[in-house]
Asker: 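I am attaching a structure below and will ask some questions about it afterwards.
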Amino acid sequence: MTTDPMRNWFELVAVVGLLGCGSSGGGAASKSDTAAALTEPAVSVDDTAMRTEDMGHMMLVSRVKDGVRSRELYGLFVDFHEDYQNLARCAVDRSTCYNVTPAQPDQYIDLDPRNEFPFDREFRYVGLDVGLGPYGASYFYDPASGGAYYYGDVTEAEPTYGPVGARFGVEWGDYSGTEDISLSAPIEVVSPPNGAPLKFPNGEDIVFEWTPTGEGQVFLQISSFNFERLYWLADDGYHSLSVDSLGYGDQDQVVEFTLSRWSSTTVRHDNNELVVSDVSEVAWTGRYFNKGSRVELEPADSCLEAQGMAAITDSGTYWGRLGGYRSDIDPGAGNPCTGFNAPGNEGMIAIDLDPLEIMTVNYRLEIGDASVYVVEDCSDGNSCLAGADATLLGDLESFQYFNNTEAPQRLYLVLDAYENQSGGRALGTFELDINIDQLIDPDLHDSCPDAQMQTEATGPGTYYTDYLPYTNQLNPGPGGCTASSLSGPEAMTKVTLQPGETLVATVTMPGGDPGLYLLYNCTNAFSCPVGADARGDGVEAIGYINNTAISETLYLVVDSKYGMLPFFLTVDIQ
């Protein structure tokens with residue numbers, strides 16, 4: 001084993017890129033484990049400065065990826081190579097080969113992810129298997145590439161640290177070391193937690209923390225589509241990464257982060273040079289998103305805290321995190337509000353709604369089964385007024401709540417989950433859209449002459465009315481456009497469509513049975529081009545296109561079967 005300190009330094013720098021392979025699986029996943037017991041007779045090591053004839057690389061990688069542990073041994077022996085620092089690994093799993101490294105700590109380099117191992121080499125046969133301490137790798141030949149390499153999945157082998165030796169033979173001559181190589185304990189990561197998927201927007205920093213030991217070198221690798229970056233980190237246990245420095249811009253990205261500690265040793269035998277690399281790494285799958293106009297929102301962690309926060313009164317789009325929050329409130333299983341319990345941790349937001357304001361909520365957890373609801377009493381899940389828990393992991397939950405009282409309401413929006421969102425600020429990322437609209441009474445009329453004299457046609461919007469003293473003037477009947485008799489009172493409003501415009505209208509009458517239709521002539525129920533009375537659940541919708549070359553004036557009618565109840569009317573014209 002070499003003892004030249006300068007030569008050792010350059011050899012260390014030469015293997016910095018060994019952590020660059022983003023995957024430890026690929027084609028190697030089905031290969032057999034050859035962790036055979038080794039015998040290590042004492043053999044002298046040639047430590048001359050002569051040019052080596054062949055070059056080899058053995059690489060032991062201990063890895064935690066999204067919480068899953070693995071350990072693999074790679075080996076490659078060739079006539080020469082272009083100083084690929086992760087030579088054995090990139091030749092086996094076809095990941096990016098690295099031939100450059102940062103010049104010093106606290107610097108980074110961008111690498112070409114297209115750089116692959118060239119197989120126009122003479123591969124050396126050094127036995128049916130090779131060994132590194134108690135770990136073994138078997139010989140494999142790939143007829144597609146003409147390459148030969150060694151691989152062993154040694155995940156189940158007992159971990160070994162400290163002095164070990166390497167073993168190989170045949171074309172390189174028998175060699176079995178004793179204590180010429182030292183294996184280190186795996187890197188100990190403090191943050192983000194092992195197995196914690198990350199989601200992060202532009203404008204943020206991601207903090208990596210580990211236990212410094214001063215052994216080997218520490219690196220951070222970042223891989224995404226057509227992007228490979230390698231940071232050499234000072235081993236002080238802390239690095240803050242600016243997300244904006246990655247230059248991802250508006251495009252969402254799936255990103256893999258790998259924090260690694262590595263060391264290497266060079267062994268020479270019969271003028272052949274073998275670099276042995278010992279790598280331990282922790283990897284996370286992350287998702288980058290551009291938050292655009294979204295505002296970071298920090299919900300309250302308790303009812304008392306929520307009662308003291310400034311209430312949201314207007315529409316807005318937000319994002320935030322629930323990692324590390326407590327679990328203080330739960331609507332309970334089978335509740336009439338969301339239907340399911342939500343025992344995970346949650347955040348709370350104060351909401352103020354004026355009379356006749358309607359709130360629409362869309363809520364998504366990046367990781368987890370979301371639940372969202374609004375309560376009157378933030379200490380009591382039974383005070384739930386409206387909510388949603390209809391979808392599964394990562395899906396959108398949506399609901400509406402309408403203040404149909406004559407007084408302002410202070411409510412509390414609860415952002416909940418089925419399971420705890422752990423890991424401090426690393427987890428529990430959510431996106432929240434709140435839309436608050438002031439509803440107005442539609443311009444409705446009880447007779448055709450009044451509707452004809454309507455000053456302005458009803459335009460797009462959502463309307464609400466509880467003014468109901470209308471009479472029964474019209475009924476399309478079973479043979480009309482609604483295919484049913486609507487013998488209750490109705491109200492109508494004028495709408496105007498330009499050539500090519502489309503009208504979509506919806507009526508929602510909780511507890512009632514409405515019908516909805518259009519008329520060309522507001523005195524004639526049979527001048528109806530389109531109508532609906534099919535659902536029986538208080539909701540009906542219609543659509544109509546003006547296919548003429550001129551403007552059309554029509555009359556939109558909200559009718560009833562048994563009598564009118566307060567209703568919402570939504571009109572969309574495009």
Asker: Is the shortest side-chain heavy-atom distance between Phe168 and Leu274 below 4.5 Å?
Answerer: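 They are in side-chain contact.
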
Asker: Any chance you could lay out the salt bridge (Lys or Arg N to Asp or Glu O under 4.0 Å) test for Arg63 and Glu256, step after step, and finish with the verdict?
Answerer: CA-CA 13 Å; Arg63 180 174 175 83; Glu256 182 170 302; 2.9 Å; yes

Asker: Could you tell me whether Tyr151 and Tyr139 have their ring centroids closer than 6.0 angstrom?
Answerer: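 No, the ring of Tyr151 stays outside the 6.0 Å limit from the ring of Tyr139, centre to centre.
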
Asker: Taking atom CG of Leu76 and atom OH of Tyr150, what is their separation to the nearest 0.5 Å?
Answerer: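 The OH atom of Tyr150 is 9.5 Å from CG of Leu76, to the nearest 0.5 Å.
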
Asker: Once you measure the plane-to-plane angle for Phe117 and Tyr84, does it fall in the parallel (<30°), tilted (30-60°) or perpendicular (>60°) bin?
Answerer: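 Phe117 and Tyr84: perpendicular rings.
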
Asker: Is Met348 close to Pro299 at the side-chain level, that is, under 4.5 Å between some pair of heavy atoms?
Answerer: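 In short, these two side chains do not touch, never coming nearer than 4.5 Å.
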
Asker: Suppose the criterion is salt bridge (charged side-chain N to carboxylate O under 4.0 Å, His left out): which pairs have a residue in residues 230-242, not counting sequence neighbours?
Answerer: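 Listed once each, the pairs are Asp235-Arg261.
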
Asker: Verify whether one side chain among Glu281 and Ser62 offers a donor that lies under 3.5 Å from an acceptor in the other.
Answerer: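 Side chains of Glu281 and Ser62: no pair found under 3.5 Å.
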
Asker: Within the supplied structure, the quantity of interest is the number of heavy atoms (other residues, nucleotides, ligands) at a distance under 6.0 Å from Glu419 CD; does it exceed 12?
Answerer: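 12 or below, so no.
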
Asker: Indicate whether the side chain of Gln221 and that of Ser223 have a donor and an acceptor atom separated by less than 3.5 Å.
Answerer: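 The criterion, which ignores hydrogens and geometry beyond distance, is satisfied for Ser223 and Gln221.
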
Asker: For a quick check under 3.5 Å, do Tyr248 and Asn202 share a side-chain donor-acceptor pair by atom type?
Answerer: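 Looking only at side-chain atoms, Asn202 and Tyr248 do not form any donor-acceptor pair under 3.5 Å.
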
Asker: Counting only N and O atoms by type, is there a donor-acceptor contact under 3.5 Å from the side chain of Asn272 to the main-chain atoms of Asp54?
Answerer: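 Side chain of Asn272 to backbone of Asp54: a pair is present.
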
Asker: One pair to check against salt bridge (Lys or Arg N to Asp or Glu O under 4.0 Å): Arg294 and Glu431. What are the steps and the verdict?
Answerer: CA-CA 8 Å; Arg294 290 189 181 274; Glu431 294 181 4; 3.7 Å; yes

Asker: Under 3.5 Å, is there a donor-acceptor pair linking the side chains of Tyr175 and Asp180?
Answerer: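 There is such a pair between these side chains.
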
Asker: Begin with the C-alpha distance, continue with both residues' side-chain angles, and end with the deciding distance and a verdict on salt bridge (Lys or Arg N to Asp or Glu O under 4.0 Å) for Glu122 and Arg124.
Answerer: CA-CA 6 Å; Glu122 293 185 18; Arg124 303 307 189 197; 3.2 Å; yes

Asker: State whether a side-chain donor-acceptor pair under 3.5 Å links Thr96 with Asn115.
Answerer: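 No, because no side-chain N or O of Thr96 sits under 3.5 Å from a partner of the opposite role on Asn115.
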
Asker: Answer yes if the side chains of Tyr363 and Ser371 hold a donor-acceptor pair under 3.5 Å, and no otherwise.
Answerer: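 No, no side-chain donor-acceptor pair sits under 3.5 Å.
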
Asker: Is a side-chain N or O of His269 found less than 3.5 angstrom from the main chain of Asp174, in a donor-acceptor match?
Answerer: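 Judged by distance alone, yes, a pair lies under 3.5 Å.
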
Asker: Would the Tyr108 and Trp232 ring centres measure less than 6.0 Å apart?
Answerer: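 Here the rings of Trp232 and Tyr108 have centres that are no less than 6.0 Å from each other.
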
Asker: Please name the residue in the list Phe257, Phe208, Trp262, Tyr231 that meets the ring pair (Phe, Tyr, Trp, His ring centres under 6.0 Å) test with Phe219.
Answerer: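 Running ring pair (Phe, Tyr, Trp, His ring centres under 6.0 Å) over Phe257, Phe208, Trp262, Tyr231 with Phe219 returns exactly one hit, Trp262.
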
Asker: Is a donor from one side chain sitting under 3.5 angstrom from an acceptor on the other, for Ser176 and Arg167?
Answerer: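 No, Arg167 and Ser176 have no side-chain donor paired with an acceptor closer than 3.5 Å.
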
Asker: Distance alone, cut at 3.5 Å: any donor-acceptor contact between the side chains of Asp244 and Ser242?
Answerer: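 The criterion, which ignores hydrogens and geometry beyond distance, is not satisfied for Ser242 and Asp244.
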
Asker: Judged by modelled atom types alone, do Asp250 and Asn290 share a side-chain donor-acceptor pair under 3.5 Å?
Answerer: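 There is such a pair between these side chains.
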
Asker: Could you tell me whether Asp153 and Arg71 have a side-chain N and a carboxylate O separated by less than 4.0 Å?
Answerer: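 Salt bridge between Asp153 and Arg71, a charged N being under 4.0 Å from a carboxylate O: no.
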
Asker: Does a side chain donor of either Ser327 or Asp330 reach within less than 3.5 Å of an acceptor in the other side chain?
Answerer: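 Checked: Ser327/Asp330 side chains show no N/O donor-acceptor pair below 3.5 Å.
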
Asker: Does a donor on one side chain and an acceptor on the other come within less than 3.5 Å for Glu228 and Tyr98?
Answerer: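 Yes.
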
